[in-house]
Undergrad: 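Okay, here's the structure, questions in a sec.
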Amino acid sequence: MTKDNTSKNGRADILIKWIMFTAAITGMAILSAFYPLEGNVPMIVIPSILVLLVAKPVFFEKLKLTTLLIMRILIVFAALKLFNPQVYVDVIMLMLIINILEATFTDLLRYKKYFNAISGFAVAIGVIALRGVWQFNAPFGDYYLTEGVIPMVTIFYVIAYTLWNWIFVTNEFSDSVALMHVGFLFAPIFGSICTLGLGVYGGIGMWLLLRANSLAIGGWMQIGAKDWFEREFRSKRFSAFVNWTKKRNVQIVAMIINVGLILAAIGINFANGGIHFEFAPFFL
């Protein structure tokens, strides 16, 4: 019997590979989060450098992975306390905004996806509803949490970001690579659930750190083995789903949901004392 991705066996084969891939980057993202030296360097920094030197990524992939790599190197310096780690977290929040706007202008100018561009601008503005804090007194590891004034704010933001980014990657990449990115997007959510047992030291506050880690890990995997993922993650059923999400009415609904979630997150912040920010001193 020849392999057919549209058959039941073909669909099961793709699902198993996707689960294994997602589980792998989730575990690696968690280890890299808690251990910026022992986990982050061998799992993210070194492979990313090798991929950038050896492979031939397209411009957006190269720019994205380079940006993530720089921040993964800087977190090593932060963990070593060569400067105030809180400064790193403040920079991360700024980089998140830049990263979102970078993708949003790509949607707007290259693909003319106006509804998702509106979502992107909303998600960028919504960063002000979050606050990142380095966990100086964590029971183990060197990492940071990013949360709103209450967990619901963070949950609203994560949903909005995930929905917006999903639509973006379906414009930027093939359907097979978009399926990879479903793993990228779910990995930090799964990781947040896995760390709920840490109480105030884990949970949804881990999402942004795990998102950065899983995106960097998935990034070097995508660039280094793109042909394999293009072949092994090809699915007619998933392609049909992607085409459905690209319909005008679907994207309008997604935009409304996104903007509503961001407005709710910002509104909750103002109802709980407003939005405050104070630059941390560079040295401890």
Side-chain angles (χ1 to χ4, degrees), residues 17-52 61 64-79 85 88-89 91-93 95-96 99-100 103 130 132-135 138-147 154-155 157-159 161-162 165-166 169 173 177-199 201-225 229 233:
K17 290 173 183 175
W18 182 85
I19 291 173
M20 293 173 65
F21 164 74
T22 305
I25 61 175
T26 299
M28 293 167 71
I30 293 173
L31 288 173
S32 299
F34 290 128
Y35 303 103
L37 278 68
E38 302 88 343
N40 174 59
V41 173
M43 293 182 185
I44 299 180
V45 175
I46 294 175
S48 296
I49 292 174
L50 292 175
V51 165
L52 287 171
E61 291 173 335
K64 183 72 69 175
L65 185 56
T66 300
T67 302
L68 291 165
L69 173 60
I70 291 172
M71 300 312 296
R72 295 305 92 200
I73 293 173
L74 287 178
I75 200 171
V76 173
F77 298 154
Y88 175 83
V89 184
V91 171
I92 278 290
M93 304 305 289
M95 291 303 298
L96 175 60
N99 194 278
I100 293 168
L130 304 176
V133 179
W134 188 271
Q135 294 296 91
F140 61 92
D142 292 285
Y143 63 103
Y144 63 86
L145 297 179
T146 306
E147 299 175 294
T154 318
I155 292 171
Y157 187 86
V158 169
I159 295 172
Y161 176 96
T162 301
N165 195 261
W166 155 250
V169 298
F173 304 112
V177 176
L179 181 54
M180 280 185 69
H181 279 265
V182 175
F184 295 174
L185 289 167
F186 275 107
I189 296 174
F190 293 152
S192 297
I193 294 172
C194 290
T195 58
L196 281 172
L198 296 176
Y201 296 105
I204 194 64
M206 292 288 297
W207 173 81
L208 182 58
L209 176 55
L210 295 175
R211 168 59 179 164
N213 287 352
S214 60
L215 187 59
I217 294 166
W220 65 255
M221 287 184 177
Q222 175 182 327
I223 295 170
F229 283 107
F233 277 20

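Count residues from 1 along the sequence. Since this is a predicted model, take the numbers as computed values, not measurements.
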Undergrad: Supply the atom-to-atom distance Tyr35 OH to Phe140 CZ, rounded to the nearest 0.5 angstrom.
TA: 5.5 Å
Undergrad: If you apply the rule side-chain contact (heavy atoms from CB on, under 4.5 Å), what do you find for Met93 with Leu208, and how did you get there?
TA: CA-CA 9 Å; Met93 304 305 289; Leu208 182 58; 3.9 Å; yes
Undergrad: Do Lys64 and Asn99 have side-chain heavy atoms sitting under 4.5 Å apart?
TA: yes
Undergrad: Which atom pair, heavy atoms only, marks the closest approach of Glu147 to Gly205?
TA: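 That closest heavy-atom pairing would be CG-CA, 3.4 Å.
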Undergrad: Are Trp220 and Leu50 packed together at the side-chain level, in the sense that at least one heavy-atom pair is separated by less than 4.5 angstrom?
TA: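 Side chain of Trp220 against side chain of Leu50, heavy atoms only: no contact under 4.5 Å found.
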Undergrad: Locate the shortest heavy-atom distance separating Leu68 from Leu215; write the atom from each residue and the value.
TA: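 Looking at all heavy atoms of both residues, the shortest contact is CD1-CG, 3.7 Å.
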Undergrad: If you define the side chain from C-beta out and look only at heavy atoms, does anything of Thr162 sit under 4.5 Å from Phe186?
TA: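 No, side chains not in contact.
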Undergrad: Short question: side chain of Trp207, backbone of Ser192 - any donor-acceptor pair under 3.5 Å?
TA: no
Undergrad: Apply side-chain contact (heavy atoms from CB on, under 4.5 Å) to the pair Phe34 and Leu198, showing each step before the final yes or no.
TA: CA-CA 12 Å; Phe34 290 128; Leu198 296 176; 3.4 Å; yes
Undergrad: Any heavy-atom pair between the side chains of Asn40 and Tyr143 that's under 4.5 Å?
TA: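 The answer is no; the side chains never approach within 4.5 Å.
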Undergrad: Looking only at non-hydrogen atoms, find the nearest pair between Lys17 and Phe233 and report the distance.
TA: CB-CE1, 3.8 Å
Undergrad: Using 30° and 60° as the class limits, which term best fits the ring planes of Phe21 and Phe184: parallel, tilted or perpendicular?
TA: tilted
Undergrad: For Ile75 and Leu209: C-alpha separation, side-chain torsions, deciding distance, then whether side-chain contact (heavy atoms from CB on, under 4.5 Å) applies.
TA: CA-CA 11 Å; Ile75 200 171; Leu209 176 55; 4.2 Å; yes
Undergrad: Could you tell me the separation between the OG1 atom of Thr154 and the CD1 atom of Ile159, rounded to the nearest 0.5 Å?
TA: 11.0 Å
Undergrad: How long is the gap from OG1 on Thr195 to CD1 on Ile30, to the nearest 0.5 Å?
TA: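 Reported value, rounded in 0.5 Å steps: 6.5 Å.
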Undergrad: Indicate yes or no: at least one non-hydrogen side-chain atom of Val89 is less than 4.5 angstrom from one of Val133.
TA: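 No - every pair of side-chain heavy atoms lies 4.5 Å or more apart.
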Undergrad: Measure across Leu31 and Met43 and return the closest heavy-atom pair with its distance rounded to 0.1 Å.
TA: CD1-CE, 3.6 Å
Undergrad: Could you pull out the closest heavy-atom pair between Ala33 and Asn213, with the gap in Å?
TA: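 Distance-wise, the nearest heavy atoms are N-ND2, 3.2 Å.
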Undergrad: Quick check for you: to the nearest 0.5 Å, what is the distance between Tyr161 atom OH and Leu185 atom CG?
TA: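 Reported to 0.5 Å precision, the distance equals 7.0 Å.
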Undergrad: Are the side chains of Leu74 and Val91 in contact, using a 4.5 Å heavy-atom criterion?
TA: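 Sidechains of Leu74 and Val91: no contact.
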Undergrad: How many angstroms lie between CG in Leu65 and CD1 in Ile223, if you round to the nearest 0.5 Å?
TA: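 Rounded to the nearest 0.5 Å, the CG-CD1 separation comes out at 4.5 Å.
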Undergrad: Check Ala79 against Asp142 and note the closest heavy-atom contact, atom names and distance.
TA: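 Nearest pair, atom of Ala79 first, then Asp142: CB-CB, 3.9 Å.
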Undergrad: Rounded to the nearest 0.5 Å, what separation is found between the OG atom of Ser214 and the CE atom of Met221?
TA: 10.5 Å
Undergrad: Where the side chain of Tyr88 meets the backbone of Val76, is there a donor-acceptor pair that is under 3.5 Å apart?
TA: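 Looks like no, no N/O pair under 3.5 Å.
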